[in-house]
Novice: 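Following this message is one structure expressed as structure tokens.
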Amino acid sequence: MRALTWQGRRDVRVETVPDPRIEKPDDIVVRITTTGLCGSDLHLYELFGPFIDPGDILGHEPMGIVEEVGPEVTALAPGDRVVIPFNVSCRDCHMCNQGLHSQCETTQVREYDSGASLFGYTKLYGQVPGGQAEFLRVPFGNRLPIKVPEGPADDRYVYLSDVLPTAWQAVEYAAIPPGGSVTVLGLGPIGDMATRIARHRGAGLVIGVDLVKERLTRASAHGVTCFDARMDGKDLLAAVRDLTDGRGTDAVIDAVGMEAHGAPFAKAAQWVTSLLPDAVAQPMMEKAGIDRLAALYTGIELVRRGGTLSVSGVYGGALSPMPLLTMFDKQIQMRMGQANVWRWVDDILPLLTDEDPLGVDTFKTHSMPLEDAPKAYAMFQAKEDGMVKTLLKP
């Protein structure tokens, strides 16, 4: 089959690789019809090379048609249409039964003391072959796939793999009071969708912050009050407080993570580490990594006293400094973590209708064949051509 493989920093290639096969009795093999390009994929493209091997298959936002099932699979049959969550979770352990599928005890990567395995990611998360490919082996065939109806285009359902549950959890964790206010930092796929979900769930004021003009325009069209991230920090703080009686918003969602602009020292340290031999870089990243924290620090400033900071952007630093004095003084509540996809499926699926209240049917900005995936990665990394969400077609 054809699949997108990692080969080095900023070097991904579509190659012919062996087809996946049934390995355990409850496995299924899915023929991928649509697969998304995620902001987290850019972390692999840019930073996490020490934990990836050349030839690893990327991608964690796939959907498609069941092609083959193992002998113990009874919930699905060949021909069924399914979305595959990015968490590899059994849905039957202690953590899964608490709705913490990103902490699944069956697939935790204990070698690195990490949470549940993820499709198409690093050794830190299981090094499971990903879904930017023509076919994908999926474990836990009776429990993990999300079966979706025939009929509507893939665009309606593919975001159940990651974008929708990640943005939904970000809003849930933000604990925005009815009619309250929220600032969303970063208007990429997760931030953009989080603004829509916040408005749908009753937020009275939704503020979006980004530095890409096209993203600001896109969010403004959905009723979001937008500010350019290139404003002076004091000016941004003053603008948000002017809209909130001088307090700041009830909640802030950090949908940026480690890709934040600013922090030149941390940026340089990340870049240098990514160039070191794996044997040297791995322990440095595990024990002494520093994130670029501009977005997180901005969120701490913008949230009102007693408010909530919800972090959905990915961070990877082990020694990232935090302004605990300010956080303690402001009595900030903070929630974060990988999305627990299946925890939110029952809330989201009823919204995926012809009425399309979240705008999923028109959410993508680009659709490209899988063979053009290297070009898509380069465009997304450079924020070219207004790219926010790209769907790849094998």
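Here the structure is a predicted model, which means the values were calculated and not measured. Throughout, numbering of the chain's residues begins at 1 and tracks the sequence.
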Novice: Could you pull out all residues at least two apart from D232 that satisfy side-chain contact (heavy atoms from CB on, under 4.5 Å)?
Specialist: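 D232: side-chain contact (heavy atoms from CB on, under 4.5 Å) contacts with K234, D235.
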Novice: On the 0 to 90° scale, with breaks at 30° and 60°, tag the Y173-W344 ring pair as parallel, tilted or perpendicular.
Specialist: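 Perpendicular: the ring planes of Y173 and W344 meet at over 60°.
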Novice: Would you call P85 and L144 a side-chain contact if the rule is heavy atoms closer than 4.5 Å?
Specialist: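 With C-beta onward as the side chain, the pair touches.
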Novice: Answer yes or no: is there a side-chain heavy-atom contact under 4.5 Å between I207 and V224?
Specialist: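 Counting from C-beta outward, I207 and V224 never come under 4.5 Å.
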Novice: With salt bridge (Lys or Arg N to Asp or Glu O under 4.0 Å) as the rule and sequence neighbours excluded, what pairs involving residues 17-26 come up?
Specialist: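 Residue pairs with at least one partner in residues 17-26: E23-R137.
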Novice: Could you check whether any side-chain heavy atom of M368 comes within less than 4.5 Å of a side-chain heavy atom of K375, counting everything from C-beta outward?
Specialist: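 Yes, close enough: below the 4.5 Å cut-off.
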Novice: What's the separation between atom CD1 in I176 and atom CD1 in I197, rounded to the nearest 0.5 Å?
Specialist: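 I176 atom CD1 to I197 atom CD1 measures 10.0 Å (nearest 0.5 Å).
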Novice: Please evaluate residues H101 and M95 with respect to the criterion side chain to side chain contact (heavy atoms under 4.5 Å, CB included), reporting the C-alpha separation (whole Å), side-chain torsions for both, the decisive distance (0.1 Å), and the verdict.
Specialist: CA-CA 6 Å; H101 305 95; M95 288 296 177; over 6 Å; no
Novice: List the steps and the verdict of side chain to side chain contact (heavy atoms under 4.5 Å, CB included) for V88 and F119.
Specialist: CA-CA 7 Å; V88 184; F119 285 104; 3.7 Å; yes
Novice: Restricting to pairs with a member in residues 359-368, which pass salt bridge (Lys or Arg N to Asp or Glu O under 4.0 Å), not counting sequence neighbours?
Specialist: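 The answer is D155-K364, R156-D361.
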Novice: Which distance, rounded to the nearest 0.5 Å, do you find between the CG of D228 and the CG of L236?
Specialist: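 Going from CG on D228 over to CG on L236, the span is 9.5 Å.
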Novice: Is there a donor-acceptor contact under 3.5 Å from the side chain of T166 to the main chain of A339?
Specialist: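 Between the backbone of A339 and the side chain of T166 there is no qualifying donor-acceptor contact (under 3.5 Å).
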Novice: Kindly compute the distance separating CG (D372) from NZ (K393), expressed to the nearest 0.5 Å.
Specialist: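 The distance works out to 14.0 Å.
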Novice: Got a sec, which pairs hit salt bridge (Lys or Arg N to Asp or Glu O under 4.0 Å) with one end in residues 162-179, sequence neighbours left out?
Specialist: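 The answer is E172-R201.
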Novice: With a 3.5 Å cut-off and no angle check, do the side chains of D56 and Q127 form a donor-acceptor pair?
Specialist: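 The answer is yes; a qualifying pair exists.
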Novice: Is there any side chain to side chain donor-acceptor pair (under 3.5 Å) pair reaching into residues 205-219, and which pairs are they, with sequence neighbours excluded?
Specialist: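 For residues 205-219: D192-R218.
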Novice: Run the ring-ring contact (aromatic ring centres under 6.0 Å, His included) test against Y377 and tell me which residues pass, sequence neighbours left out.
Specialist: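 Applying ring-ring contact (aromatic ring centres under 6.0 Å, His included) to Y377 gives Y45.
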Novice: So, do E61 and K389 sit near enough that their side-chain heavy atoms are less than 4.5 Å apart?
Specialist: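 Side-chain contact under 4.5 Å: yes.
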Novice: Are any non-hydrogen side-chain atoms of S40 and Y121 less than 4.5 angstrom apart?
Specialist: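 Yes, at least one pair of side-chain atoms sits under 4.5 Å.
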Novice: Are side-chain heavy atoms of H222 and V206 found at a separation under 4.5 Å?
Specialist: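 The answer is no, as the side chains (C-beta and beyond) never meet within the 4.5 Å cut-off.
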Novice: Below 4.5 Å, heavy atoms only, C-beta onward: do F86 and V341 meet side chain to side chain?
Specialist: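 Answer yes - side chains close enough.
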Novice: Side chains of E72 and N142: any donor to acceptor distance under 3.5 Å?
Specialist: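 E72 and N142 do not have a side-chain donor-acceptor pair below 3.5 Å.
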Novice: Quick one: do E15 and R2 satisfy salt bridge (Lys or Arg N to Asp or Glu O under 4.0 Å)? Show the steps, please.
Specialist: CA-CA 5 Å; E15 298 186 322; R2 300 290 280 170; over 6 Å; no
Novice: Mind checking the CG-CE spacing from L211 to M231? Nearest 0.5 Å is all I need.
Specialist: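 With rounding to 0.5 Å, CG (L211) is 13.0 Å from CE (M231).
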Novice: Carefully, step by step, assess E134 and R31 under the rule salt bridge (Lys or Arg N to Asp or Glu O under 4.0 Å).
Specialist: CA-CA 6 Å; E134 291 182 314; R31 174 173 56 83; over 6 Å; no
Novice: Can a side-chain donor-acceptor contact be found between N340 and Q103 if the only test is distance below 3.5 angstrom?
Specialist: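 No, N340 and Q103 have no side-chain donor paired with an acceptor closer than 3.5 Å.
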Novice: Hey, are T244 and S181 close enough side-chain-wise for a donor-acceptor pair under 3.5 Å?
Specialist: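 No pair is found: no donor N or O on one side chain lies under 3.5 Å from an acceptor on the other.
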Novice: If we only count heavy atoms from C-beta on, is the S161 to M63 side-chain gap below 4.5 Å?
Specialist: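 In short, these two side chains do not touch, never coming nearer than 4.5 Å.
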Novice: For L124, is there any backbone N or O sitting under 3.5 Å from a side-chain donor or acceptor partner on S114?
Specialist: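 It does hold such a pair.
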